[in-house]
Amino acid sequence: MKKSWWKESVVYQIYPRSFCDSNGDGIGDLRGIISKLDYLKELGIDVIWLSPVYRSPNDDNGYDISDYEDIMEEFGTMADFDELLKEAHNRGIKIVMDLVVNHSSDEHAWFMESRKDRENPKRDFYIWRKGRKLNEVSPEEQACLSSDVVEYKGEKLLPPNNWGSYFSGSAWVFDEKTGEFYLHLFSKKQPDLNWENEAVRKEVFEMMSRWCEKGIDGFRMDVISLISKPKGLPNQPIPKGAVYGDSGAACANGPKVHTYLQEMNEKVLSRYDIMTVGETAGVTLEEAKRYANSEGTELNMVFQFEHMDLDGSKKHGFKWATEKMPLVPLKKNLAKWQNGLHELAWNSLYLCNHDQPRIVSRLGEESGVLRERSAKCIATFLHMMQGTPYIYQGEELGMVNYPFSALSEFRDLESINAFSELTEKLHLSMEELFPLIAHKSRDNARTPMQWDDTKEAGFTSGKPWIAVNPNYKEINAKEELGRADSVFHYYQKLIQLRHQSELIVYGDFHLLEEEDPDLFIYERSLGKKKLLCVCNVSENTRSYSVPEKFRSGKVLIRNVERQDAISGELAPYEAFVLEIQMKE
Ligand code: NOJ
């Protein structure tokens, strides 16, 4: 297998708004990040993925960009960014930027031009369509879109199709000025760029090249699988638990997405020694082999979502749910990706990011003595697989979900919109809905990083933009740095192991005990070396007998101290890794 630095790296994701505030305005910023680079160096990570820091009106916390080449005022200046890049590089840490080009902000100069008049040269930078007259639409669809009817020049119009936005409501907004609708797969303030337009691609590629010239080390590409829309933008079936047609399914892996990425690769990516990861909503294994093909004609790796969707609601069919993540489907899914991409493409390994609730709350124990052990256990099975691991800020401390108790505590527009859509249109009661949204809200990941046990967890000297988790006195970086058996030091060890072992980076993967509901056990091999990763991902004490050949193995890491190297019994959430060298 071809070796690459990005295959041997561990990435740490920073959500700048919630990481560290240097000036007391309650919002994290670039100088805050600079002040924590030594912390990251101590953890041992190789790459930072920086969620968007560009100029933005912050409808979606920076994922709505109004200037791709300027810095958000609340985060600092371009000089601060340059210093961050320099200081990170001085410590041997690379920086990967978020690239959000499926859409821009509606406050981007391109969109402001585009909406001025139908003849504007920038009109075609976005996706504008005429509305449909009421009598052209079936009665069923009229009923479904009843709240989206607009009146224009004495005529009643419906949106161009039945697509819903990811953040609730129709995916179309009517613009009075020019009498047409524009498409937004995300919020109304995130109009989709028209990638069919060569001029759009040119602008995007040139902008990317300028960032590469500045010396950044790669891109994480936001919903890049959605950039090529299907011809004719046809209506879509309405999924269970939804009000509108599924626009994501319609656009995922669209007809020209690979052509566009190959063009991007040829014009930008292949000219620099950078890493690229595509956030690919709706990606299948077959599609991933194309996006992340080992020939290197598109991207280095993708984020797939299948494993993150396993704890969605069985009753309603949407993501909002309180069910625990089921282990058997989880390990089978991860094994499918491990084996399916082996030698053909490359995996990214993640369980947390700024869009996902905390994994300890989904799969482990949120409180009590098992919180730390379950956090370490989950980290073990993730970090011993093949692929590039991603750690999301606070994951290395075993941070957990926020105990939401009121609507006013939410900041994320996805959660806030879901409350209104599901109560108003699907008539779910607030009592039923609240625990579901509280458990899955993206805000769980966005509460401030817990640095110490002082006021606001040391995140800010002011009032944080979103509340700090009240458990910060118990869970914080300062305490964990000072304790040898903390989750922090366990992550540090996992990272060191990867840096020292080609087997962990490049070895093949073989799942064992496939149907066992509690145990996640697998083998990795490279040449004569083999590794056995044993994790009891449950609160049960389990009997387990290590296969004969591994009994004399060296223990690489473990989360339960024992007299005997390996016992026949696994404690709740116990995990260990053994390595052997075969003779022949
Ligand atoms: C995916 C990002 O991860 C998410 O945070 C954002 O809201 C959407 N894309 C829209 O940009």
Side-chain angles (χ1 to χ4, degrees), residues 57 59-60 63-66 100-118 120-133 136-137 141 144-145 147-150 152 157-201 203-204 221-239 242-257 260 279 281-282 413-414 417 421:
D59 190 48
D60 186 20
Y63 282 90
D64 48 321
I65 297 170
S66 54
V100 189
V101 289
N102 171 68
H103 45 268
S104 73
S105 160
D106 66 339
E107 296 183 34
H108 193 289
W110 296 337
F111 190 74
M112 297 203 294
E113 281 298 307
S114 184
R115 78 192 315 177
K116 275 186 185 157
D117 58 85
R118 291 192 195 180
N120 191 286
K122 290 280 185 300
R123 182 68 170 180
D124 207 24
F125 263 48
Y126 295 85
I127 301 171
W128 292 95
R129 293 288 184 277
K130 290 194 177 50
R132 290 173 299 169
K133 298 193 179 114
E136 291 169 0
V137 174
E141 209 187 322
C144 161
L145 300 180
S147 56
D148 299 303
V149 180
V150 293
Y152 182 66
L157 297 175
L158 276 179
N161 66 23
N162 74 347
W163 293 4
S165 120
Y166 273 91
F167 294 156
S168 303
S170 164
W172 297 93
V173 165
F174 184 68
D175 207 41
E176 193 77 33
K177 184 137 196 270
T178 53
E180 288 186 337
F181 290 78
Y182 69 82
L183 178 70
H184 63 93
L185 295 185
F186 294 89
S187 95
K188 292 184 168 65
K189 288 182 68 61
Q190 292 168 303
D192 281 55
L193 282 158
N194 176 17
W195 275 71
E196 292 274 333
N197 183 345
E198 208 186 319
V200 167
R201 303 200 299 277
E203 289 280 0
V204 169
M221 303 186 186
D222 194 70
V223 290
I224 203 70
S225 53
L226 304 182
I227 57 176
S228 167
K229 315 300 190 239
K231 206 163 185 275
L233 311 181
N235 267 358
Q236 289 298 305
I238 301 172
V243 178
Y244 294 89
D246 190 344
S247 60
C251 301
N253 317 309
K256 295 205 196 132
V257 68
Y260 296 152
E279 189 208 23
L413 81 171
E414 183 196 38
N417 292 352
E421 179 155 300

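Below, each value reflects all heavy atoms present in this structure, side chains not excepted, and no hydrogens, waters or symmetry copies.
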Just to verify, what does [X] make a ring pair (Phe, Tyr, Trp, His ring centres under 6.0 Å) with, not counting sequence neighbours?
X: Phe174; value: Tyr152, Phe181
X: Tyr182; value: Phe111, Trp128
X: His184; value: none

Practice task
Tell me, please, which residues at least two apart from Asp60 pass side chain to side chain donor-acceptor pair (under 3.5 Å).
Solution key: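 Asp60 satisfies side chain to side chain donor-acceptor pair (under 3.5 Å) with Gln190, Arg442 only.
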Please examine the side chains of [Y] and [X], heavy atoms only from C-beta on, and report whether any two atoms are closer than 4.5 Å.
X: Asp64; Y: Ser187; value: no
X: Asn120; Y: Arg115; value: no
X: Asp59; Y: Phe167; value: no
X: Ile238; Y: Asp246; value: no

So, for [X] and [Y], which heavy atoms are closest and what is the spacing to 0.1 Å?
X: Gly282; Y: Ala252; value: CA-CB, 4.1 Å
X: Pro255; Y: Pro230; value: CD-CA, 4.1 Å
X: Asp192; Y: Asn102; value: OD2-ND2, 3.0 Å
X: Tyr166; Y: Ala281; value: OH-CB, 4.0 Å
X: Glu421; Y: Ser168; value: OE1-CB, 3.3 Å
X: Trp195; Y: Val101; value: NE1-O, 2.8 Å

Between [X] (side chain) and [Y] (backbone), is there a donor-acceptor pair under 3.5 Å?
X: Ser66; Y: His108; value: no
X: Arg118; Y: Thr178; value: yes
X: Ser225; Y: Asn253; value: no
X: Glu279; Y: Asp222; value: no
X: Ser247; Y: Gly164; value: yes

Handout entry: side-chain contact (heavy atoms from CB on, under 4.5 Å) evaluation trace for His103 with Val223
Key = CA-CA 9 Å; His103 45 268; Val223 290; 4.0 Å; yes
Taking atom [atom1] of [X] and atom [atom2] of [Y], what is their separation to the nearest 0.5 Å?
X: Phe125; Y: Glu203; atom1: CZ; atom2: CD; result: 5.0 Å
X: Asp175; Y: Glu180; atom1: CG; atom2: CD; result: 9.5 Å
X: Trp172; Y: Leu158; atom1: CH2; atom2: CG; result: 13.0 Å
X: Ser165; Y: Glu414; atom1: OG; atom2: CD; result: 9.0 Å
X: Lys122; Y: Asn197; atom1: NZ; atom2: CG; result: 9.0 Å
X: Lys188; Y: Leu413; atom1: NZ; atom2: CG; result: 10.0 Å

Exercise for the section: Any salt bridge (Lys or Arg N to Asp or Glu O under 4.0 Å) involving residues 103-112? Give me the pairs, sequence neighbours left out, ordered by first then second residue. Expected result: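 Salt bridge (Lys or Arg N to Asp or Glu O under 4.0 Å) check on residues 103-112 returns Asp106-Lys189, Glu107-Lys189.
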Handout entry: Salt-bridge criterion met for Lys116 and Glu113 (N-O under 4.0 Å)
Key =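 Yes, this pair counts.
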Handout entry: Test: Glu196 and Lys256 ion pair at under 4.0 Å
Key =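 A salt bridge is present here (some side-chain N lies under 4.0 Å from a carboxylate O).
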Problem - Asn235: partners by side chain to side chain contact (heavy atoms under 4.5 Å, CB included), with sequence neighbours left out - result: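 Testing Asn235 for side chain to side chain contact (heavy atoms under 4.5 Å, CB included), a comparison that skips the adjacent residues, returns Arg132, Glu141, Asn161, Asn162.
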Handout entry: Over 12 non-hydrogen atoms of neighbours within 6.0 angstrom of CD in Glu136
Key =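 More than 12 heavy atoms, drawn from other residues, nucleotides or ligands, come within 6.0 Å of this atom.
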Practice task
Please check if any side-chain donor atom of Ser104 sits under 3.5 Å from a side-chain acceptor atom of Tyr126, or the reverse.
Solution key: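 Present: a donor and an acceptor within the cut-off.
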